[in-house]
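Each remark here refers to the structure printed beneath this line.
Computed over heavy atoms, backbone and side chain alike; hydrogens, waters and symmetry mates excluded. What you see is a predicted model; the values in this text were computed from it and never measured.
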2 protein chains.
Amino acid sequence: MSNIRDVAREAGVSVATVSRALSAPEKVSTKALDKVHKAIAKVGYRPNMLARNFRSTRSYAIVVLVPDIANPFYSGVISAIEDRAQQKGYAVLLGDTRGMPERELEYIRRVETRLADGLIQLRPHSSKMHDVIPPDLASVNACGCEDTAGPSIRIDNRGAAKTMVDYLISLGHRRIGVISGLTDNPHSIDRMAGYKESLEAAGIPFEKELVAEGDFTMWSGLNCALQFCGMKERPTAIFCMNDEMAIGAIQTLKAQGLRVPEDISVTGFDDIPYAKYCDPNLTTISQPAGDIGKLAVDMLVRLIGGETLNQPECILPSEFIVRKSTARARSS
Amino acid sequence: MSNIRDVAREAGVSVATVSRALSAPEKVSTKALDKVHKAIAKVGYRPNMLARNFRSTRSYAIVVLVPDIANPFYSGVISAIEDRAQQKGYAVLLGDTRGMPERELEYIRRVETRLADGLIQLRPHSSKMHDVIPPDLASVNACGCEDTAGPSIRIDNRGAAKTMVDYLISLGHRRIGVISGLTDNPHSIDRMAGYKESLEAAGIPFEKELVAEGDFTMWSGLNCALQFCGMKERPTAIFCMNDEMAIGAIQTLKAQGLRVPEDISVTGFDDIPYAKYCDPNLTTISQPAGDIGKLAVDMLVRLIGGETLNQPECILPSEFIVRKSTARARSS
DNA sequence: TTGTACGCGTTATCAA
DNA sequence: TTGATAACGCGTACAA
């Protein structure tokens, strides 16, 4: 492989001139520029970015830590991150942690050892977990919760959940089941708070047996719904903490001979692409995945550049979308 | 940031000893090893991988080129790639091309400039397109077709499609519509060949008007199905070239008041997670996403190591899965 | 077993 | 505008 010296020799100039021709062409005479370009073409030179990065002590890469890339909401955010990062000259290192803390650590180590300049987390992160990340490490949480420490982007999960449950109550539902994510998951906590607030505002007592704990997978939605089907006094609506669990739940309900939404309403959260196409279309909360990803990159790049963020916690608007999976409670 | 020299000074040994202590501990006396470890802890040393990679002229990163990471089939493969790559000490650079050739080129350049050691393509690639990739570049196509040049992994798309259409014919269907991907897409070509083979074997003439061209998105499935609904003589079954288009098509059919599968059968391809949970569950072809990803990494790593593959074209088995979206043709 | 010294490809500094 | 040369942090002959 040819290096910058080969080009310099071929062009009859110094290596410094070649280097300048590439990174600051305006500082080189037209004649020299021309010679350099010809020489580059002739010897088939490609700058060694490894050396360039080494020299500049920057890798121009960012790690994206994601619990599960197969989750369509996350992959939507990642897509936006990749797009923006590419624009800004950064590569995206994919860190699919599968929820394993040791893998997370491996990736954090990658930025400590300079293989990446910063880190975007796509996992809700409460302040307690934050200790793992060294304070001087450039890092942004793109799926924050109310308790997230450090720079973060999030929606108002509590408010959105309240809006959703308020809506169900306005449809006449009083007995509203919840399919939650893991109960110690910060998103679950925020959304549960919204659920409780809504009930309280309507004067409906909170009942523990109406809460089923899932883990944000379709499979868990399937099982949790089964739990409700077995109850003597079934809920007339189910508030699911994400779309995948809602889709799984609907599957179970149908299998049990229940009609959605005529017999029971179901709501989701995230507005993944399937929410619009499943049967019935899901009433859900739309998260601005594209904006989240874009903003995360912008914030991180500033952090990498040594800036301090004037607005370290960004709360983006979410959208309440009514589709076909919800209906008036049957007057019983 | 402390470097290897700081550690050496602190430990009272030479930099060479520190270097050895990290990469070849067996060549260092226990005493020296101990001193080095203490010094590392004391000064908070982290080896600079940028420098290490530069020295070794390896980036220990691979680029994964994917047309659309939000497609669940692709994200499944990527997940497996990431897992295997991590095991083998490689990082995954995400290259979401969104079908734009210039972005693809940017990523190919990344490996030419040493920022990555090799390339995995998740796009069907016919031999014509192969020219773009320099022949000396380590590259594996993980979504190959019959026409793919160079190392590749694929399933027998033609055979799988034939199996599926054979099945529909065995159910009594004679008028079978196709929702294809873009017609110049190599996967579309292979799967269409299987469709035609099956018809021919059954003595059913091929009819051009039974083919609708989509682009592998749900949205296109939606529209293509509409096309069939408007026909005077509707097909009794639709063979979709992926699950997403099948899900979109089913949505349209239901909206038109048709029952699936009682009035019309629909089949998919890929077996994405939703195929099992949509209504009705999809009869489809399961691609071994995990094995594909794993094998792709293994092959690429060998290629990077300078080996020549004894088996450059791997054809993995696919699985035919019957669910609820297909039924006997109504005796008309 | 340990240490010295050089080279990897690039950019930045400085002098011409 | 150009060129010579010193870094950058690490690995590794080679010598001790």
Side-chain angles (χ1 to χ4, degrees), chain A residues 1-40 42-61 89 91 109-117, chain B residues 1-40 43-61 89 109-117:
Chain A
M1 276 293 152
S2 55
N3 61 23
I4 201 171
R5 248 180 297 270
D6 300 328
V7 177
R9 195 179 315 116
E10 178 67 33
V13 298
S14 73
V15 292
T17 302
V18 177
S19 177
R20 277 188 290 253
L22 290 171
S23 50
E26 73 279 4
K27 293 186 164 186
V28 178
S29 67
T30 335
K31 206 166 57 182
L33 211 57
D34 193 55
K35 284 194 291 187
V36 170
H37 283 146
K38 282 210 175 68
I40 286 177
K42 181 159 183 189
V43 304
Y45 168 73
R46 292 263 175 253
N48 183 335
M49 292 301 208
L50 240 40
R52 184 177 289 184
N53 289 351
F54 163 57
R55 181 51 219 207
S56 64
T57 67
R58 284 275 176 86
S59 64
Y60 294 98
R109 185 123 324 153
R110 269 211 167 95
V111 7
E112 288 178 338
T113 58
R114 320 288 207 298
L115 283 181
D117 298 334
Chain B
M1 275 293 152
S2 56
N3 61 24
I4 202 171
R5 248 181 302 268
D6 300 329
V7 177
R9 195 179 316 117
E10 179 67 34
V13 299
S14 73
V15 291
T17 302
V18 177
S19 177
R20 279 187 289 252
L22 291 171
S23 50
E26 73 280 4
K27 293 187 163 187
V28 178
S29 66
T30 334
K31 207 165 57 181
L33 211 58
D34 193 53
K35 283 194 291 187
V36 169
H37 283 145
K38 282 210 175 70
I40 286 177
V43 304
Y45 169 73
R46 292 264 174 251
N48 183 336
M49 291 301 205
L50 240 39
R52 185 177 289 183
N53 288 350
F54 165 56
R55 257 301 285 190
S56 63
T57 67
R58 284 273 176 89
S59 64
Y60 293 98
R109 183 123 325 151
R110 270 214 167 94
V111 7
E112 288 178 338
T113 58
R114 322 287 208 298
L115 282 181
D117 298 334

Quick check for you: to the nearest 0.5 Å, what is the distance between A:D117 atom CG and A:S56 atom OG?
8.0 Å
Can you measure from CD1 (A:I40) to CG (A:L22) and round to the nearest 0.5 angstrom?
4.5 Å
Pairs touching residues 10-22 of chain B that satisfy side chain to side chain donor-acceptor pair (under 3.5 Å), sequence neighbours left out:
B:E10-B:K42, B:S14-B:T17
Does the side chain of [X] reach to within under 4.5 Å of the side chain of [Y], using non-hydrogen atoms?
X: B:N53; Y: A:N53; result: no
X: A:M49; Y: A:R52; result: yes
X: A:V13; Y: A:V28; result: no

Mind grabbing the angle between the end helix axes of the helix from C:dT1-D:dA16 to C:dA16-D:dT1? Five pairs an end, 10° rounding.
40°
Could you state the [atom1]-[atom2] distance from [X] to [N], rounded to the nearest angstrom?
X: A:L50; N: D:dG9; atom1: CG; atom2: P; value: 16 Å
X: B:L33; N: C:dT2; atom1: CG; atom2: C1'; value: 14 Å
X: A:K31; N: D:dT1; atom1: NZ; atom2: P; value: 13 Å
X: B:R9; N: D:dG9; atom1: CZ; atom2: C1'; value: 13 Å
X: A:E26; N: D:dT2; atom1: CD; atom2: C1'; value: 15 Å

Using a cut-off of strictly less than 4.0 Å, decide whether A:S14 has a side-chain nitrogen or oxygen near OP1 or OP2 of D:dT2.
no
For C:dT2, take OP1 and OP2 only and decide whether either is under 4.0 Å from a side-chain N or O of B:S29.
yes
Is a side-chain N or O of A:N3 found less than 3.5 angstrom from the main chain of A:D6, in a donor-acceptor match?
yes
With no hydrogens and no angle check, is any side-chain donor or acceptor of B:D34 less than 3.5 Å from a backbone partner on B:K31?
no
Quick one, give me the B/S/- string for nucleotides 7-16 of chain C, reading 5' to 3', where B means a protein heavy atom under 4.0 Å from the base and S means that only happens at the primed atoms, P, OP1 or OP2.
BBBBBB----
